[in-house]
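To keep things clear, I will list the structure first and then write my remarks on it.
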Amino acid sequence: MGKVYIVGAGPGDPELLTLKALKVIKKADVILYDRLINPEILLYAKPECELIYVGKEDGKHILEQDKINFLLYEFAKNNDIVVRLKGGDPFVFGRGGEEAIFLKEKGIPYEIIPGITSAISVPLYGGVPITHRGISSSFVVITGHGSKGQFPNIDWNAISKIDTIIFLMGVSNREKIAKNLINVGKSPETPIIFIEKGTTKEQKEIEATLGEVAEGKIKVYPPAIFLIGDVVKLRNKISWFEEALGEIQL
Ligand code: SAH
């Protein structure tokens, strides 16, 4: 029986991989990877490594979770090192926990390698600090999609009290989310930023107000995260990523 590594690949920029992740990617006999994985990362795999795409398309799993679990089991039986590569951090809306529970039940040895989550790093590449002395002393990360694809069940009143509100998988529900926050008393003037394809060369930032989003005025395309809060106003003082692109990298 081989070993399965549940690995976070970071948000997009391949250099945001951890050294541990890179080490197992280089040694892997099989890599099962998700949709948001930067293909450049897969170039580090051995030439004979089997690369298997198990991502989602249009909200539908090409392979259902049970099938992914089954594949992990089958590959672990016949290979030494199986890598389950997930975008960002494997346990932040990544179903890594479900896979770990399955592997433990089956008695398959595994390790978990954390990744840099998009929830925090994408705002940072967009020039927005999620906390800032005097402006934000709390943040919350929420999925904008229910587990069965429905509108999520959220305590809007409770989250409206948090200084910085970060949504993942929320692009298609952005209007409804904005309306709900305004309904519980969040000002329509509250700044919001959408960041598409964060940490990649195609990164795009769109700033707006909560009111504009609630009125359906703002166009955004996934993958994107959005962040609501006064920290967005710091962006013009901090932003750096666009200037850094194309410069010498370490
Ligand atoms: N485990 C991942 C999140 C998986 S949910 C993590 O820790 O980052 C997928 C959602 O993450 C997407 O719908 C989007 O909201 C967000 N996301 C992931 N990568 C992103 C990127 N490079 N730019 C913007 N949003 C991203």
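Order of appearance sets the numbers: ligands from 1, and atoms from 1 within every ligand. By convention here, the first residue in the shown sequence is residue 1.
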Quiz item: How far is atom 1 (N) of ligand 1 from its nearest protein heavy atom, and which residue and atom name does that atom have?
Solution: V92 O, 2.7 Å

Quiz item: Sub-3.5 Å donor-acceptor pair from the side chain of E98 to the main-chain atoms of R95, do we have one?
Solution: no

Quiz item: So, does P11 sit close enough to ligand 1 that a heavy atom of it is under 4.0 Å from the ligand?
Solution: yes

Quiz item: Taking atom CG of L168 and atom OG of S118, what is their separation to the nearest 0.5 Å?
Solution: 4.0 Å

Self-check item: Close aromatic pair by centroid cut-off 6.0 Å: Y110 and Y5
Solution: no

Exercise. Can you measure from CG (L72) to CG (L32) and round to the nearest 0.5 angstrom?
Key: 5.5 Å

Quiz prompt | Closest non-hydrogen atom pair, I166 against F139 | solution = CD1-CD1, 4.2 Å

Quiz item: Measuring from L16:CG to T199:OG1, what's the distance to the nearest 0.5 Å?
Solution: 5.5 Å

Exercise. For atom 13 (O) of ligand 1, grab the closest protein heavy atom and report residue, atom and distance to one decimal in Å.
Key: M169 CG, 3.2 Å

Quiz item: Relative to the ring of Y73, is the ring of F102 parallel (under 30°), tilted (30 to 60°) or perpendicular (over 60°)?
Solution: perpendicular

Quiz item: In ligand 1, which numbered atoms sit nearer than 4.0 Å to a non-hydrogen atom of V122?
Solution: 21 (C), 23 (N)

Quiz item: Does ligand 1 have an atom that lies less than 4.0 angstrom from a heavy atom of K86?
Solution: no

Quiz prompt | atom 25 (N) of ligand 1 - nearest protein heavy atom and its distance | solution = I225 CG2, 3.1 Å

Exercise. Identify whether NZ of Lys or CZ of Arg in K176 sits under 6.0 Å from the centre of the six-membered ring of F151 and within 45° of that ring's axis.
Key: yes

Practice problem: Classify the angle between the aromatic ring planes of Y125 and F241 as parallel (below 30°), tilted (30 to 60°) or perpendicular (above 60°). | Solution: tilted

Quiz item: Which of the atoms in ligand 1, numbered in the order shown and given with their element, are less than 4.0 Å from a heavy-atom of T117?
Solution: 6 (C), 7 (O), 8 (O)

Quiz item: Among protein heavy atoms, which sits nearest to atom 14 (C) of ligand 1, and what does the distance come to when rounded to 0.1 Å?
Solution: A224 O, 3.4 Å

Quiz item: Can D34 and R84 be counted as an ion pair, charged N to O under 4.0 angstrom?
Solution: yes

Quiz prompt | Within-cut-off N or O pair, E196 and ligand 1, under 3.5 Å | solution = no

Exercise. Report, in ascending order of atom number, the atoms of ligand 1 lying under 4.0 Å from any heavy atom of I195.
Key: 24 (C)

Quiz item: Hey, which atoms in ligand 1 end up nearer than 4.0 Å to a heavy atom of P223?
Solution: 24 (C), 25 (N)

Quiz item: Does T199 come within less than 4.0 angstrom of ligand 1, counting non-hydrogen atoms of the residue?
Solution: no

Quiz item: Among G87, S118, G96, G115, which residue places a heavy atom closest to atom 8 (O) of ligand 1?
Solution: S118

Quiz item: Which heavy atom of the protein is the closest neighbour of atom 21 (C) of ligand 1, given with residue, atom name and distance?
Solution: G198 N, 3.6 Å

Quiz item: Please state which protein non-hydrogen atom is closest to atom 4 (C) of ligand 1 and give its distance, to 0.1 Å?
Solution: F93 O, 3.5 Å

